[in-house]
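To start, the structure itself, in structure tokens.
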2 protein chains.
Amino acid sequence: MLNNVTQLIKISVTNLSTQGWLIDLLKIHKNRSQKGFEMQTQNMTPTYRLEIEGIPGGVVSLSLSELKSRFPKHTITATLQFAGNRRSEMNKVKQVKGLNWGIATISNATWSGARLRDVLLSYGFGPEVAAKAKHVQFEGLDRDVTGTAYGASIPLNKAVSEEGDVLLAYEMNGEDLPPDHGYPVRVVVPGVVGACNVKWLGKIVVSDEESFSPEDFKSAPAIQELPIQSAITHPAEGTSGDRSDREGTVKGYAWSGGGREVVRVDVSIDGGKTWHVAKLRTSDQEQHRAPPPPPGRAWAWKLWEIDVPIPHRAQELEIVCKAVDSSYNMQPDTVAPIWNLRGVLSNAWHRVQVKVRESLKDQK
Amino acid sequence: MLNNVTQLIKISVTNLSTQGWLIDLLKIHKNRSQKGFEMQTQNMTPTYRLEIEGIPGGVVSLSLSELKSRFPKHTITATLQFAGNRRSEMNKVKQVKGLNWGIATISNATWSGARLRDVLLSYGFGPEVAAKAKHVQFEGLDRDVTGTAYGASIPLNKAVSEEGDVLLAYEMNGEDLPPDHGYPVRVVVPGVVGACNVKWLGKIVVSDEESFSPEDFKSAPAIQELPIQSAITHPAEGTSGDRSDREGTVKGYAWSGGGREVVRVDVSIDGGKTWHVAKLRTSDQEQHRAPPPPPGRAWAWKLWEIDVPIPHRAQELEIVCKAVDSSYNMQPDTVAPIWNLRGVLSNAWHRVQVKVRESLKDQK
């Protein structure tokens with residue numbers, strides 16, 4: 001179902017991604033979603049209700065069929081990335097908290113649903129609400145062992161902007177959402193950290209407050225947009241190439257938060273001393289050349305690829321990639337200076353070591 | 001007039017900043033503004049006209065007093081940065097084209113004028129124009145030796161968005177614009193590269209094209225928003241501290257493009273091995289604590305300061321700063337991997353070497 005780049009990328013951006021905050025700038029989401037919740041969603045269509053609070057006229061309650069029939073269906077292709085993607089590279093510098101994710105807690109899919117903007121406007125959202133409220137909170141139907149729902153919030157201007165493209169999604173790649181992607185409804189907030197894309201959506205609250213307990217509040221802003229990111233998906237770390245091959249193919253993904261388009265990816269095979277410019281594609285299907293997205297609305301990743309000449313006597317290659325987005329943000333060179341205890345925002349140049357074997361021909 | 005950080009920062013973001021593009025992603029503005037043009041602006045008020053093209057109903061022609069009286073006056077504080085700021089650090093890697101700018105081609109001021117949005121809407125801008133046009137071009141009254149006007153353009157959505165805050169400015173820090181800041185009218189495009197803030201504004205064109213000659217067009221987007229930036233303004237390179245001082249004060253500025261707020265600045269005195277978090281201020285007047293800007297509309301720089309302990313036996317300190325913005329963009333570690341022939345977008349960690357002298361007391 002997912003548009004995976006290679007077998008290396010097997011991804012599910014789940015609501016387990018709740019601890020995506022810099023530790024010294026810490027804000028914790030209300031709670032983790034409960035494992036096994038997926039199993040209970042299978043037959044919930046008849047009873048499903050989406051509640052909306054904080055707008056004039058009291059609480060709105062919508063069934064799935066009302067959500068589908070009352071609002072136009074919109075479709076976007078968007079990449080979701082967990083704030084802890086590539087956390088394992090921070091673990092190599094010094095132990096961090098959280099699961100030891102590699103480069104695969106990122107995925108790309110085509111989502112369809114009602115626009116959150118349309119729904120809020122139809123239930124009386126207007127300037128007098130905007131004058132007080134600053135955030136839109138989302139709450140999942142899933143509960144942890146203490147009975148607390150998973151929650152996250154986004155800034156109001158992202159939620160209601162015509163250019164924000166926030167969806168109450170009920171389809172993924174043209175089919176009903178799979179249970180583990182939040183059936184029957186999840187919110188898709190393109191350009192924003194995976195943790196805000198709440199699954200099994202039960203409640204929307206327009207509020208003057210973020211979705212955090214007061215004791216979690218610290219001085220820095222919650223992570224919303226993630227910075228420019230890229231990673232090498234082929235070849236894999238520790239694999240070998242054959243010396244008789246004159247060229248090797250390097251492939252990967254690149255994405256940036258906030259709808260900023262990836263405009264360039266550079267690849268090095270000598271650890272960053274010299275660089276080659278990679279070819280960018282919008283999807284696995286190169287024959288489908290999509291028109292460029294409007295400025296600030298590039299929600300989907302780009303796949304990149306390059307054939308690099310392998311130096312004659314090389315025994316080992318240190319392959320490195322780095323990307324640039326349309327606001328000319330670039331990735332930091334190294335991991336250590338961006339290390340943080342939660343292991344989030346890991347976006348230094350991605351490095352892969354491969355060996356170059358003596359060719360079988362040479363050995364004969 | 002400018003809100004300078006220290007004596008080190010003496011700045012004028014002039015229209016000389018026309019070559020702010022990556023060379024291999026090159027787009028050149030139409031031309032440079034002509035030196036000495038400032039002198040001719042002194043008595044132009046009675047004859048000044050601002051023309052607006054590309055909207056229904058033909059060409060609009062506005063006098064300065066009409067611009068002032070017909071539209072509400074808005075005020076913003078915004079930092080303007082030349083794309084070639086800190087170009088001199090790229091010159092140390094390998095020679096680039098352009099003037100050898102240090103860290104001072106950036107400035108901060110309070111600007112007042114009519115909102116471009118209000119002006120365009122009042123002359124018939126609407127959905128049918130937006131369906132065709134994608135850019136707003138600006139043209140200065142100044143001419144180069146070939147008679148060509150200076151030109152630049154910005155995306156239409158930045159020009160007409162309520163949150164774009166683009167001004168047709170006629171005041172700077174509460175007074176008429178000075179001649180070298182574009183008297184009588186300049187456009188202030190907050191969050192966008194200095195070169196788009198066209199002075200001595202003569203013409204505005206709503207268009208489906210950017211303000212470039214076709215032969216200049218290459219594959220990458222024009223530079224609009226600049227990436228996260230910071231620099232050390234005190235102490236200066238090559239100065240000395242006294243060994244008897246236990247602490248030294250380090251000061252600087254930090255800013256990011258696109259209205260992204262600076263949320264953190266880290267300072268190192270050991271070349272980047274260990275870091276300290278600096279205090280951030282919104283202006284030189286620390287007693288005036290301005291309310292935080294709305295999300296995505298942080299147009300002004302932040303000044304930062306920190307007292308760092310000086311190690312007992314240190315003979316030399318390598319002071320380094322790096323900043324983080326509200327989308328968690330970070331600066332690249334080193335200059336070489338972002339080097340480009342035009343010497344633009346130079347935003348690697350800023351480094352300053354200072355010596356630690358034997359104290360006069362010790363020498364007695």
Side-chain angles (χ1 to χ4, degrees), chain A residues 21-22 24-25 83 134-135 154-158 161-163 191-193 219-228 256-258 260-261 263-264 266 268 272-275 277 280 292 294-297 320 322 324-334 336-339 344-345 347-349, chain B residues 21-22 24-25 83 134-135 154-158 161-163 191-193 219-228 256-258 260-261 263-264 266 268 272-275 277 280 292 294-297 320 322 324-334 336-339 344-345 347-349:
Chain A
W21 315 108
L22 282 175
D24 52 349
L25 315 168
K134 296 283 164 260
H135 306 275
I154 62 172
L156 183 67
N157 62 343
K158 173 71 180 173
S161 161
E162 207 158 353
E163 300 181 342
V192 162
V193 62
S219 62
I223 294 174
Q224 294 281 336
E225 298 175 6
L226 293 172
I228 178 75
S256 189
R260 291 179 279 278
E261 190 173 6
V263 297
R264 177 167 166 153
D266 294 304
S268 171
K273 290 187 202 77
T274 59
W275 298 90
V277 181
L280 304 180
R297 294 164 85 176
V320 190
K322 64 182 172 79
V324 180
D325 74 21
S326 50
S327 298
Y328 291 97
N329 295 300
M330 307 177 203
Q331 295 177 245
D333 307 16
T334 59
I338 60 170
W339 184 93
V344 296
L345 300 162
N347 75 327
W349 301 351
Chain B
W21 314 108
L22 283 175
D24 53 348
L25 315 168
K134 295 285 165 259
H135 305 275
I154 62 172
L156 184 67
N157 62 344
K158 173 70 180 173
S161 162
E162 207 157 356
E163 300 180 343
V192 162
V193 62
S219 62
I223 294 175
Q224 294 281 338
E225 298 176 5
L226 292 172
I228 178 73
S256 189
R260 291 180 278 278
E261 190 175 6
V263 297
R264 177 167 166 151
D266 294 305
S268 171
K273 290 189 202 76
T274 60
W275 298 91
V277 181
L280 304 180
R297 294 163 84 177
V320 190
K322 64 182 172 78
V324 180
D325 73 21
S326 50
S327 298
Y328 290 96
N329 295 300
M330 307 177 205
Q331 296 177 245
D333 307 17
T334 58
I338 59 169
W339 184 93
V344 296
L345 301 163
N347 76 327
W349 301 352

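Order of the sequence lines sets the chain letters (A, B, ...), proteins ahead of strands, with each chain counted from 1. Scope of the values below: all heavy atoms of this structure, side chains included, with no hydrogens, waters or symmetry mates.
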Self-check item: Listed partners of B:Asp266 passing side-chain hydrogen bond (donor to acceptor under 3.5 Å, both in side chains), at least two apart
Solution: B:Arg264, B:Lys322

Exercise. Check whether any side-chain heavy atom of A:Asn329 lies under 4.5 Å from a side-chain heavy atom of B:Arg260, and answer yes or no.
Key: yes

Practice problem: Examine whether an atom of A:Glu163 lies under 4.5 Å from a heavy atom of chain B, and if so say whether it belongs to the side chain, the backbone or both; otherwise answer neither. | Solution: side chain

Practice problem: Please round to the nearest 0.5 Å and tell me the distance separating atom CE of A:Met330 and atom CD of B:Gln331. | Solution: 11.0 Å

Exercise. Could you grab the distance from atom OG of B:Ser327 to atom CD1 of A:Ile223, nearest 0.5 Å is fine?
Key: 11.0 Å

Quiz item: How many angstroms lie between CD1 in A:Ile338 and OH in B:Tyr328, if you round to the nearest 0.5 Å?
Solution: 13.5 Å

Quiz item: If you count heavy-atom pairs under 4.5 Å between each of B:Leu226, B:Asn347, B:Asn157 and chain A, which one has the most?
Solution: B:Asn157

Quiz item: What residue in B:Ser326, B:Gly272, B:Pro332 has the most heavy-atom pairs under 4.5 Å with chain A?
Solution: B:Pro332

